[in-house]
Amino acid sequence: MGDTNGHVVAGGNGKGNRLDQLSLPTDVLIDKETDSLIICDRGNQRVVRWSRRSGTTQGEILIDNIDPFGLAMDEQRYLYISDNVRGEVRRYQIGDQNGAIVAGSNGEGDGLNQLNFPIYIFVDQQQTVYVSDTRNHRVMKWNKGAKEGIVVAGGQGKGNALTQLWYPNGLFVDTLGTIYVADTANDRVMRWHKGAKQGTVIVGGNGKGEGANQFNRLGGLSFDRHGNLYVIDYGNSRVQRFSIE
């Protein structure tokens, strides 16, 4: 906190497929048990793990031959990975290469058992999987063991009405089941209360731009324990922080 310069904790050796390189990384999480970073190394079609201990110079491959985009880990340390090419989310035990399908994998489409370009995911304490179903302009909720999902935000076609999303990206769900979603093409972050038919705009929604209350295409989002919201504003090449009531 307060640093004006960051330092490299993974990669940093140019784009490539060596174990000391990454290519187009899209998501990362911290595995506290092993004090390591787990990274979607998308351009190399693999998920890798890098120790956070000082002196680490390369990562190790956990899963390969996958098109990973989003990552999540539950309290039992199962790893969840979205594959937007295959239109599915799989759950893996650490060390398992195959995984089990927990959402999608029924071809590209907008049926309740389908996903179309799933990217960011969130998993709650009940192992419920929430997915940004990007090209269907909706967020889907898949209960543990379910054969199809439930639309919990959007799903009314692309648009900027409060009932709609337009290419949803980053995703967070709080303990009350409230969904926070980066509504990318609308340059806004929306909040959808559990069971609500429409959302509310909590930041952005003021057109595309560089202002402090504007975005230019959104990526991932996250909250810290103090309730601050962090948003990847990738068209403006910046990360923004907001204090949310």
Just by modelled atom types, is the [Y] backbone N or O under 3.5 Å from a matching donor or acceptor in the [X] side chain?
X    : Y    : result
S51  : R53  : yes
D187 : R217 : yes
N106 : G104 : yes
Q164 : Q156 : yes
D233 : N216 : yes
D133 : M140 : no
D183 : R188 : no
R238 : E210 : yes
T134 : P118 : no
D124 : Q126 : yes

Do [X] and [Y] make a side-chain contact, defined as non-hydrogen atoms from C-beta onward lying under 4.5 Å apart?
X    : Y    : result
R77  : D31  : yes
V189 : V231 : yes
N186 : L165 : no
L115 : N136 : no
Q45  : D67  : yes
V131 : V129 : yes
Q127 : Q76  : yes
I150 : N143 : yes

Are the charged groups of R135 and D110 less than 4.0 angstrom apart, N to O?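 Here R135 does not pair with D110 in a salt bridge, since their nearest N and O are not under 4.0 Å apart.
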Step-by-step side chain to side chain contact (heavy atoms under 4.5 Å, CB included) determination, T178 to W192: CA-CA 6 Å; T178 305; W192 293 65; over 6 Å; no
Give me the atom names and distance for the closest heavy-atom approach of [X] to [Y].
X    : Y    : value
R90  : N98  : NH1-O, 3.1 Å
G70  : S82  : N-OG, 2.8 Å
D74  : V123 : CB-CG1, 4.0 Å
N206 : Q214 : O-NE2, 3.0 Å
F172 : L221 : CB-CD1, 3.6 Å
L71  : D27  : N-OD2, 3.0 Å

Are Y180 and F223 an aromatic pair, judged by ring center distance below 6.0 Å?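 Here the rings of Y180 and F223 have centres that are less than 6.0 Å from each other.
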State the [atom1]-[atom2] distance between [X] and [Y], to the nearest 0.5 angstrom.
X    : Y    : atom1 : atom2 : value
I244 : H226 : CD1   : NE2   : 15.0 Å
I63  : D96  : CD1   : CG    : 7.0 Å
Q58  : L19  : CD    : CG    : 5.0 Å
S36  : R49  : OG    : CZ    : 5.0 Å
C40  : I66  : SG    : CD1   : 7.5 Å
E75  : Q125 : CD    : CD    : 4.5 Å

Could R91 and Y78 be counted as a cation-pi pair, given that NZ or CZ must be under 6.0 Å from the ring centre and within 45° of the axis?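 R91 over Y78 ring: yes.
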Please lay out, stage by stage, how W142 and T128 fare under the test side chain to side chain contact (heavy atoms under 4.5 Å, CB included). CA-CA 6 Å; W142 290 65; T128 304; over 6 Å; no
If two hydrophobic side chains count as joined below 4.5 Å and joins carry through other members, does [X] share a cluster with [Y]?
X    : Y    : value
M190 : I202 : yes
L229 : L218 : yes
V203 : V201 : yes
Y92  : Y80  : no
V89  : I39  : no

For side chain to side chain donor-acceptor pair (under 3.5 Å), just list the numbers for N84 and R42, CA-CA rounded to whole Å, side-chain angles, deciding distance to a tenth of an Å, and then say yes or no. CA-CA 11 Å; N84 58 353; R42 179 174 172 74; 3.1 Å; yes
Listed once per pair and sorted, the ring pair (Phe, Tyr, Trp, His ring centres under 6.0 Å) pairs that draw on residues 45-76, sequence neighbours left out: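 Passing the test, one end in residues 45-76: F69-Y120.
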Do I30 and L37 pass the side chain to side chain contact (heavy atoms under 4.5 Å, CB included) test, and can you show the C-alpha distance, the side-chain angles, and the key distance before you say yes or no? CA-CA 5 Å; I30 297 174; L37 303 171; 3.8 Å; yes
Taking it one step at a time, do I121 and I81 satisfy side chain to side chain contact (heavy atoms under 4.5 Å, CB included)? CA-CA 8 Å; I121 52 180; I81 303 171; 5.6 Å; no
Classify the angle between the aromatic ring planes of Y167 and H137 as parallel (below 30°), tilted (30 to 60°) or perpendicular (above 60°).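 Ring orientation, 0 to 90° scale: tilted.
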Pick one: which of D64, N65, D41 meets side-chain hydrogen bond (donor to acceptor under 3.5 Å, both in side chains) with R46?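 Of all the options given, the one that passes is D41.
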Would you kindly say whether E108 and Q114 are connected by a side-chain donor-acceptor distance under 3.5 Å?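 The answer is no; no qualifying pair exists.
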Do N44 and S23 pair up side chain to side chain, a donor and an acceptor below 3.5 Å, judged on atom types alone?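 Judged by distance alone, the side chains do not pair up.
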Stepwise side chain to side chain donor-acceptor pair (under 3.5 Å) test for T184 and N169: CA-CA 6 Å; T184 298; N169 268 6; 3.2 Å; yes
